[in-house]
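Notes follow the structure.
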Amino acid sequence: MSYDEVYKLSLEKGFFAPGSEIYSDAPAGFWEYGPLGVSLRNRYVDLWRRELVRRDQMLEIDGSQVMSKSVFKASGHLDGFADPIVACSKCGTIARADRMIAERVRITLSENLADAQYDKLIEENKLTCVNCKGRYGSVRKFNMMFRIGIGPRDEGAYLRPETCQSIFVDYIRLFKTMRAKLPIAFAQFGKSFRNEISPRQGLLRLREFYQAEIEVFFNPEQANIPSKKYDGIRDYAITITREDGSSAKMTCSELVQHGIVLNWLFAYYLALVAKFYSKTGIDMSKARFRELARDERAFYAASAYDFEVKTSIGWLELVACNYRSDYDLSAHAKTSGRSLVVEDDNRKVLPHIFEISMGIDRSLYTILEHSMIKDNGRNLLRLPAYLSPVQVGVFPLVNKNGIRDMAKQIHEGLKLDYDTIYDSAGSIGRRYRRQDELGTPICITVDYASLTDDSVTLRLRDSMGQERIHRNKIGNRISEIISYIA
RNA sequence: GCGGGAUUGGUCUAGCCUGGUAGGAUGUCAGCCCCCCAAGCUGAAGGUCUCGGGUUCGAAUCCCGGAUCCCGCACCA
C-alpha cells in the first residue's frame, strides 16, 4: 500500500495524528499517537523485549531526556552534530558552507574549520548564491540539538539527540550494581529529539521520535572468538548490500569468513535484528543490510550497516548498526575525569561498543504499510496477531435481550485480559469488516444457539473461517491465536 | 530554508476564475430491520471553509503575511 493510504488509515482510525493540530502555529515534525497507535507500539516494544532484550539477557534502562551540556561536549555532538551553514542575504536560500565551497572551488576542505575561515574562502573565491547570485551572509553553525534552559539561571542543557548517551553515562554504575561481565548489552526504549531543518513525510522524519537502542559492550580482543552463543546463527542467512552496490544473501558464517562483517559478535547481533523484524510482519524479501561508505557514516562510527526495508516511497532506514569502538567511553572518561575501565579476563579493559539503533516510528509505519492489503475488496490489516492493537471483538448476532446480555457478559469477562471492542451497530458482516480494517484477529459472535448450549462463533480475520466453541474455552483459544510464533 | 502546488464536518470532495455567508459521498449516532461476512429503510448530529490582516455594503471565493501538507532543490548526526 502507499504512503497516502497508511496516512489516511492513521488519521481515520486513530493510529497517528499531527501534534497540536487545533492551533495554526503548530510546528512541523511533531506527531501524536492515538489509542491504536499506542497499542501497536506497546506490542511492538513487547516483541522487541522478547526477541532481543530477554533473548540476549540485556539490561534495560530508561534514562532522562534532558542531559547536561558536558555530555554532548564529550560525545562530540556539540561540534560534530552541527553543520556550517550560510544563508543568502537576498533570497534566504541556505547552503551547507563546507560542501558548497568544496564543490565549487574543487578543493578538499579539512573538517571543522572555524566559521571565519569559511567566510574567507567565500570572499576569496567570490562565491555567490546558487539560487539568485545574491551575496552570502556570514557562516554559522547550525546544531541539530534542542537547547533548553534549566532553572532560574537558564543553565544550558540539551534534549538528547540519541537515547544511547544515557547508557554511556550510566554504564559504569550499572556494570557494578548489576554484576555485569563483558560482553554485556544495555537496552533502552525512549524519546530522542533532533531539530531537523525541514522535516518531511510526517511519520518518517520527526523532530521528536522514539528509538529503541541496544549498546553491546565488549572486549575487542574477544569479539571474534567463536562461542556457543553464536551456534544458532551460523547458518542464518541475511541479505547484505556492499559498498560497491552488489547484493547477496549470505549466512553469518560466510559473512565472517569473508570479512564482510568484522567479527562473530557483530554478525550475531545483525542476525538477531533480522530475526526480530521477520516477526513483525514486514516482508523480509524487501529487506537488506547495507554497508555504509565512510562518508555516509556518523562521525563516531568505525563501521556501519543500515537495516533497510523497501516501501512505497523507496528504501527506508529502520535500524542503524554502528561499531562505535571506544569513541564514546574514552571521550566520556576524558571529559568527566572518571575511569570507565572495567575488569575482564583479569585485565583492565575499556570496552568497545556495537550499537543497534532502531527507529520505532518508521518501523511502525513500515509494518502498517506492509500489512495493509486488499483481499477481494476487503480492507485488511494483516498484522501478526500478537501485534494487533485490538485482539478481540465481541458481537451479539442480533440485538435481542438474551443474546445481547450474553455478549456483554462475555465481553466483560475478556476486557481486563485483552484489548477488546464490543460492537452491536450495523449488520454482522459490517462489524467483521470494521475489525478487519484495524487488524483485529478474532471476533466472537453470540447467536441463538448460544442461548441453549453456551457456544459461540469465533471468526478469524485472515481466513474468515469460523469455529464453534464453548464460551468457557474462549480465553484459551484467544491465547493460542495471539501467542508468539516459535 | 528556497521555488511550485495545496488546505472546505472524522475521511474524500463540489463551490473559488465570474464575491452575496456552504452541497455531496463516505463514515458516525439513533430507530426500523434481526441478518454470519460492509455499502436496505427513516431520522439526526457534525463545517465561523488552516490562521491573521487588508479590499468591499458583503469574502470559502480577490490581495498580503504566517502555519501545515505534498512535489522538486538543499538538509537528514
Side-chain angles (χ1 to χ4, degrees), chain A residues 3-5 7-14 17-31 34 72 75-88 90-97 99-100 103 129-132 134 142-145 160-162 164 192-207 296-301 304 313 317 320 322 357 359 375-379 395-400 403-404 424-437 443-449 456-461 463-466 468:
Chain A
Y3 178 85
D4 288 341
E5 281 163 306
Y7 183 86
K8 191 178 167 189
L9 179 82
S10 297
L11 289 178
E12 274 183 344
K13 304 298 177 188
S20 315
E21 67 172 332
I22 65 167
Y23 287 100
S24 62
D25 62 350
F30 300 92
W31 284 65
F72 301 111
S75 72
H77 284 87
L78 270 180
D79 301 318
F81 206 54
D83 295 325
I85 57 169
V86 63
C88 169
K90 196 169 142 197
C91 73
T93 294
I94 285 182
R96 267 282 291 268
R99 294 199 183 168
M100 186 269 294
E103 188 183 317
C129 173
V130 208
N131 189 39
C132 74
F142 174 78
N143 195 291
M144 304 238 309
M145 286 192 293
R160 59 185 182 186
E162 49 179 10
C164 59
S192 289
F193 303 82
R194 290 177 195 176
N195 198 0
E196 302 279 356
I197 291 176
S198 81
R200 280 283 171 85
Q201 274 152 342
L203 303 166
L204 303 179
R205 235 173 105 205
L206 300 164
R207 285 180 165 135
E296 282 186 294
R297 293 177 212 151
F299 61 85
Y300 46 69
I313 51 170
E317 174 196 338
N322 293 308
S357 173
D375 175 48
N376 291 323
R378 185 169 67 123
N379 290 328
F395 316 140
L397 178 66
V398 293
N399 233 346
K400 286 185 174 162
I403 293 175
R404 182 177 54 219
S424 61
S427 73
I428 191 68
R430 184 184 203 75
R431 283 175 267 165
Y432 287 144
R433 299 305 169 90
R434 273 200 275 251
Q435 295 312 310
D436 290 341
E437 210 170 357
C443 293
I444 304 284
T445 300
V446 176
D447 58 20
Y448 293 102
V456 297
T457 300
L458 187 146
R459 181 264 194 187
L460 297 165
R461 177 194 67 197
S463 63
M464 293 167 66
Q466 302 197 345
R468 193 79 200 173

* Asked: Hey, are A:Asp436 and A:Arg461 close enough for a salt bridge, meaning a charged N less than 4.0 Å from a carboxylate O?
  ->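 Answer for the salt bridge query: no.
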
Answer yes when A:Arg468 and A:Asp447 have at least one side-chain N-carboxylate O distance shorter than 4.0 Å, and no when they do not.
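So A:Arg468 pairs with A:Asp447 through a salt bridge.
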
Would you say the base of [N] and the side-chain of [X] have a donor-acceptor pair closer than 3.5 Å?
{"X": "A:Arg205", "N": "B:C75", "result": "yes"}
{"X": "A:Tyr432", "N": "B:C36", "result": "yes"}
{"X": "A:Ser427", "N": "B:C35", "result": "no"}
{"X": "A:Gln466", "N": "B:C36", "result": "yes"}
{"X": "A:Arg459", "N": "B:C37", "result": "yes"}

Roughly how many Å apart are [M] and [N], using the [atom1] atom of each and rounding to a whole number?
{"N": "B:G15", "M": "B:C69", "atom1": "C1'", "answer": "22 Å"}
{"N": "B:G52", "M": "B:A44", "atom1": "C1'", "answer": "35 Å"}
{"N": "B:G31", "M": "B:U48", "atom1": "C1'", "answer": "32 Å"}
{"N": "B:C63", "M": "B:G5", "atom1": "P", "answer": "12 Å"}
{"N": "B:C36", "M": "B:G43", "atom1": "C1'", "answer": "28 Å"}
{"N": "B:U26", "M": "B:C16", "atom1": "P", "answer": "24 Å"}
{"N": "B:C49", "M": "B:U61", "atom1": "P", "answer": "9 Å"}
{"N": "B:A59", "M": "B:C41", "atom1": "C1'", "answer": "41 Å"}

Practice item. Please assess A:Thr445 against A:Arg459 for the test side-chain hydrogen bond (donor to acceptor under 3.5 Å, both in side chains), listing each intermediate value before the final yes or no. Key: CA-CA 8 Å; A:Thr445 300; A:Arg459 181 264 194 187; over 6 Å; no

Watson-Crick or G-U wobble mate for [N], both contacts under 3.5 Å:
{"N": "B:A74", "value": "none"}
{"N": "B:A22", "value": "none"}
{"N": "B:C34", "value": "none"}
{"N": "B:G43", "value": "B:C29"}
{"N": "B:A60", "value": "none"}
{"N": "B:U68", "value": "B:A6"}

Spatial distance of atom [atom1] ([X]) from atom [atom2] ([Y]) [nearest 0.5 Å]:
{"X": "A:Ile313", "Y": "A:Tyr3", "atom1": "CD1", "atom2": "OH", "value": "7.0 Å"}
{"X": "A:Leu397", "Y": "A:Ile428", "atom1": "CG", "atom2": "CD1", "value": "5.5 Å"}
{"X": "A:Arg160", "Y": "A:Glu162", "atom1": "CZ", "atom2": "CD", "value": "10.0 Å"}
{"X": "A:Ser192", "Y": "A:Arg207", "atom1": "OG", "atom2": "CZ", "value": "15.5 Å"}

What's the [atom1]-[atom2] distance between [X] and [N], to the nearest Å?
{"X": "A:Asp447", "N": "B:C34", "atom1": "CG", "atom2": "P", "answer": "17 Å"}
{"X": "A:Arg207", "N": "B:C76", "atom1": "CZ", "atom2": "P", "answer": "14 Å"}
{"X": "A:Leu460", "N": "B:C37", "atom1": "CG", "atom2": "P", "answer": "15 Å"}
{"X": "A:Lys8", "N": "B:U26", "atom1": "NZ", "atom2": "P", "answer": "13 Å"}
{"X": "A:Ile428", "N": "B:C33", "atom1": "CD1", "atom2": "C1'", "answer": "15 Å"}
{"X": "A:Ile403", "N": "B:C36", "atom1": "CD1", "atom2": "P", "answer": "11 Å"}
{"X": "A:Arg378", "N": "B:C36", "atom1": "CZ", "atom2": "P", "answer": "18 Å"}
{"X": "A:Arg434", "N": "B:U26", "atom1": "CZ", "atom2": "C1'", "answer": "13 Å"}

When we call it a touch if two heavy atoms are under 4.0 Å apart, what does [X] touch: a base, just sugar-phosphate, or nothing?
{"X": "A:Tyr448", "answer": "sugar-phosphate"}
{"X": "A:Tyr3", "answer": "sugar-phosphate"}
{"X": "A:Pro199", "answer": "nothing"}

*Would one find a side-chain N or O of A:Arg430 under 4.0 angstrom from OP1 or OP2 of B:G27?*
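So the side chain of A:Arg430 is within the cut-off, an N or O lying under 4.0 Å from OP1 or OP2 of B:G27.
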
State whether A:Tyr23 places a side-chain N or O below 4.0 Å from either non-bridging phosphate oxygen (OP1 or OP2) of B:U68.
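Result: no.
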
Considering only side-chain heavy atoms of [X], which listed nucleotide, [options], is closest?
{"X": "A:Leu397", "options": "B:U11, B:C37, B:C36", "result": "B:C36"}
{"X": "A:Ala28", "options": "B:C36, B:C69, B:A38", "result": "B:C69"}
{"X": "A:Ser24", "options": "B:U68, B:C35, B:G66", "result": "B:G66"}

Let me spell it out: for each of A:Pro161 and A:Asn399, pick the nucleotide of RNA chain B with the closest heavy atom. Which residue's pick is nearer the 5' end?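 Nearest-nucleotide comparison on RNA chain B picks A:Asn399.
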
### Query
Hey, which of these two, A:Asp25 or A:Asp4, hits RNA chain B nearer its 5' end, going by closest nucleotide?
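Mapping each residue to its closest nucleotide by heavy atoms, the 5'-most match is A:Asp25.
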
| message | Using every non-hydrogen atom in the two residues, find where A:Trp31 and A:Pro18 come nearest and quote the distance to one decimal. | response |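 Minimum heavy-atom separation between A:Trp31 and A:Pro18: CE3-N, 3.6 Å.
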
